[in-house]
Amino acid sequence: MSAAALTKEERRVCWAARDDLWKCLDITKDNAETCKKYQEEFEKQCPMAWVKYFTKRRDFLKYKDKLEKGGFDKPADGAPNP
């Protein structure tokens, strides 16, 4: 599928496929093998540029959420002593 000028219906189908994949990944804690059929449908229904964008977007949103919840340790002050 090309990225140029998707119709409203094509966008709706793409976004629905994305949402189904993300829901599966959320439920299975990112088990790609379990969600393989959703990944294939997502790639079939969306232009590859959109697939790449949405994949990066999901990774960013998960990272941002983890930061906001304090899931990362602060780096230690100063350089470690040898």
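These numbers come from the heavy atoms of this one structure, side chains and all, not from hydrogens, waters or symmetry mates. For this chain, numbers begin at 1 and follow the sequence in order. On a predicted model such as this, the values are computed, not experimentally measured, just so you know.
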**Student:** After noting the C-alpha distance and the side-chain angles of Lys23 and Asp19, does the key distance pass the salt bridge (Lys or Arg N to Asp or Glu O under 4.0 Å) rule?
**Tutor:** CA-CA 6 Å; Lys23 183 177 180 179; Asp19 292 347; over 6 Å; no

**Student:** Which heavy atom in Asp30 sits nearest to a heavy atom in Arg58, and how many Å separate them?
**Tutor:**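 Looking at all heavy atoms of both residues, the shortest contact is OD1-NH1, 2.7 Å.
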
**Student:** Would you kindly say whether Asn31 and Thr28 are connected by a side-chain donor-acceptor distance under 3.5 Å?
**Tutor:** no

**Student:** Which atom pair, heavy atoms only, marks the closest approach of Ala17 to Phe42?
**Tutor:**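 So the minimum-distance heavy-atom pair works out to CB-CA, 3.8 Å.
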
**Student:** What verdict does the salt bridge (Lys or Arg N to Asp or Glu O under 4.0 Å) test give for Lys64 and Asp59, after you've listed the backbone C-alpha separation in whole Å, the side-chain angles of each residue and the deciding distance to 0.1 Å?
**Tutor:** CA-CA 9 Å; Lys64 181 180 170 190; Asp59 290 343; over 6 Å; no

**Student:** Could you check Lys8, Lys44, Gln45 and say which one makes a side chain to side chain contact (heavy atoms under 4.5 Å, CB included) with Val13?
**Tutor:** Gln45

**Student:** Please report the interatomic distance OG1(Thr34) to CD1(Ile27), rounded to the nearest 0.5 Å.
**Tutor:** 11.0 Å

**Student:** Can you check side chain to side chain contact (heavy atoms under 4.5 Å, CB included) on Met48 and Tyr53, steps first, answer last?
**Tutor:** CA-CA 9 Å; Met48 190 49 61; Tyr53 169 79; over 6 Å; no

**Student:** Determine, step by step, whether Arg12 and Glu9 satisfy the salt bridge (Lys or Arg N to Asp or Glu O under 4.0 Å) criterion, reporting the C-alpha distance in whole Å, the side-chain angles of both residues, the deciding distance to 0.1 Å, and the verdict.
**Tutor:** CA-CA 5 Å; Arg12 187 195 64 74; Glu9 180 60 19; 2.5 Å; yes

**Student:** To the nearest 0.5 Å, how far apart are CG in Asp20 and NZ in Lys37?
**Tutor:**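 Here the rounded value is 9.5 Å.
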
**Student:** Please report the shortest heavy-atom distance between Trp22 and Phe54, naming the atom on each side.
**Tutor:**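 Nearest heavy atoms, Trp22 then Phe54: CZ2-O, 3.2 Å.
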
**Student:** Test side chain to side chain contact (heavy atoms under 4.5 Å, CB included) on Trp50 and Leu6; report intermediate values, then the result.
**Tutor:** CA-CA 11 Å; Trp50 289 30; Leu6 295 179; 3.4 Å; yes

**Student:** Rounded to the nearest 0.5 Å, what separates atom CG in Leu21 from atom CD in Glu43?
**Tutor:**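 That separation rounds to 8.5 Å.
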
